[in-house]
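These values consider heavy atoms only, across backbone and side chains, with no hydrogens, waters or symmetry-generated copies. For this chain, numbers begin at 1 and follow the sequence in order.
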Amino acid sequence: MATVYLGLGTNLGDKEANLRTAIYKLQERIGKQVSLSSFYETAPWGFESDHSFLNAAIGLETNLSPIEILHITQEIEKELGRTKKSVNGSYSDRLIDIDILLYDTLVLQTPELTIPHPLMTERDFVMKPLIEIAGNVIHPTREKTLSELYQG
């Protein structure tokens with residue numbers, strides 16, 4: 001059994017409903033929820049938009065592999081109306097975005113997936129909710145707790 005931490009974000013439509021629906025589907029398909037952060041309203045990051053984001057982090061216990069989780073999260077994004085992913089730093093409004101942040105102490109780099117998420121410590125909208133539920137978790141490559149890495 002592994003613990004996976006996911007970051008969620010939405011800035012279109014009924015944002016709270018988008019997050020709650022995604023959380024329900026994640027619990028149903030990936031595993032038992034062990035933690036869920038508060039919802040945080042944040043400004044867009046990496047692009048300009050008139051729509052603020054609602055972000056959260058969730059911890060789930062799972063028997064699934066990271067690649068299986070990636071495919072499930074992509075499927076959930078499509079079901080909730082996500083039509084395209086951000087590519088080469090080109091970001092846009094989205095109904096839902098689900099990112100794998102951490103998977104136990106695993107370090108993984110493949111063309112399809114990198115764990116831990118490479119930009120997570122640079123993003124307030126990821127770190128604030130994640131620290132709320134996993135502040136004492138040790139970052140697998142930086143060997144410090146998430147709280148120590150992020151002083152925002």
Residues that T145 engages under side-chain contact (heavy atoms from CB on, under 4.5 Å), provided they are two or more places apart = I138, S147, E148
Indicate, with yes or no, if L106 and I98 share a hydrophobic cluster defined by side-chain heavy-atom contacts under 4.5 Å among Ile, Leu, Val, Met, Phe, Trp and Tyr.
-> yes
Pair I23-Q33, side-chain contact (heavy atoms from CB on, under 4.5 Å): steps then yes or no = CA-CA 9 Å; I23 290 163; Q33 175 185 307; 3.8 Å; yes
Apply side-chain hydrogen bond (donor to acceptor under 3.5 Å, both in side chains) to E28 and list each qualifying residue two or more places apart in sequence or on a separate chain.
-> Y24
Can you hop from I133 to F125 via hydrophobic side chains spaced under 4.5 Å?
-> yes
Mind checking whether I100 and Y5 have side chains closer than 4.5 Å, heavy atoms only?
-> no
Could you name each residue pair satisfying side-chain hydrogen bond (donor to acceptor under 3.5 Å, both in side chains) that touches residues 53-66, not counting sequence neighbours?
-> T42-N55, S65-E68
May I ask you to decide if T73's main-chain N or O and K78's side chain share a donor-acceptor pair within less than 3.5 Å?
-> no
Do M120 and L146 touch side chain to side chain, with heavy atoms closer than 4.5 Å?
-> yes
Over all atoms of both residues, closest heavy-atom pair of Y150 and T121 | CD1-O, 4.3 Å
Can you tell me how far the OG1 atom of T10 sits from the CZ atom of F53, to the nearest 0.5 Å?
-> 7.5 Å
Give, for atom CG of L113 and atom CG of L108, the distance between the pair rounded to the nearest 0.5 Å.
-> 5.0 Å
Nearest-0.5 Å distance that lies between atom CG in L60 and atom CE in M1 = 11.0 Å
Could you tell me which residues satisfy side-chain contact (heavy atoms from CB on, under 4.5 Å) with E112, sequence neighbours excluded, listed by chain and number?
-> I67, L70, H71, T110
Examine distances only and state if a side-chain atom of N11 and a backbone atom of H51 form a donor-acceptor pair shorter than 3.5 Å.
-> yes
Listed once per pair and sorted, the side-chain hydrogen bond (donor to acceptor under 3.5 Å, both in side chains) pairs that draw on residues 129-139, sequence neighbours left out | S38-E132, Y40-E132, H139-T141
According to a 4.5 Å side-chain heavy-atom criterion applied to Ile, Leu, Val, Met, Phe, Trp and Tyr, with indirect links allowed, do I69 and L36 form part of one hydrophobic cluster?
-> yes
Are the side chains of F39 and K15 in touch, meaning some heavy atoms are under 4.5 Å apart?
-> no
Apart from L12 itself, its cluster of hydrophobic side chains linked below 4.5 Å comprises L95
dist L8:CG -> L26:CG (nearest 0.5 Å) comes out at 6.0 Å
Side chain proximity check, P140 to L102, heavy atoms < 4.5 angstrom | yes
CD/Q109 to OG1/T114 distance, rounded to the nearest 0.5 angstrom?
-> 4.5 Å
In Å, rounded to the nearest 0.5 Å, how long is the span from CZ of R123 to CG of D99?
-> 7.0 Å
Sub-3.5 Å donor-acceptor pair from the side chain of N18 to the main-chain atoms of I96, do we have one?
-> no
R29 and E79 ion-paired at < 4.0 Å = yes
What is the minimum heavy-atom distance between L19 and A56, and which atoms define it?
-> CD1-CB, 4.3 Å
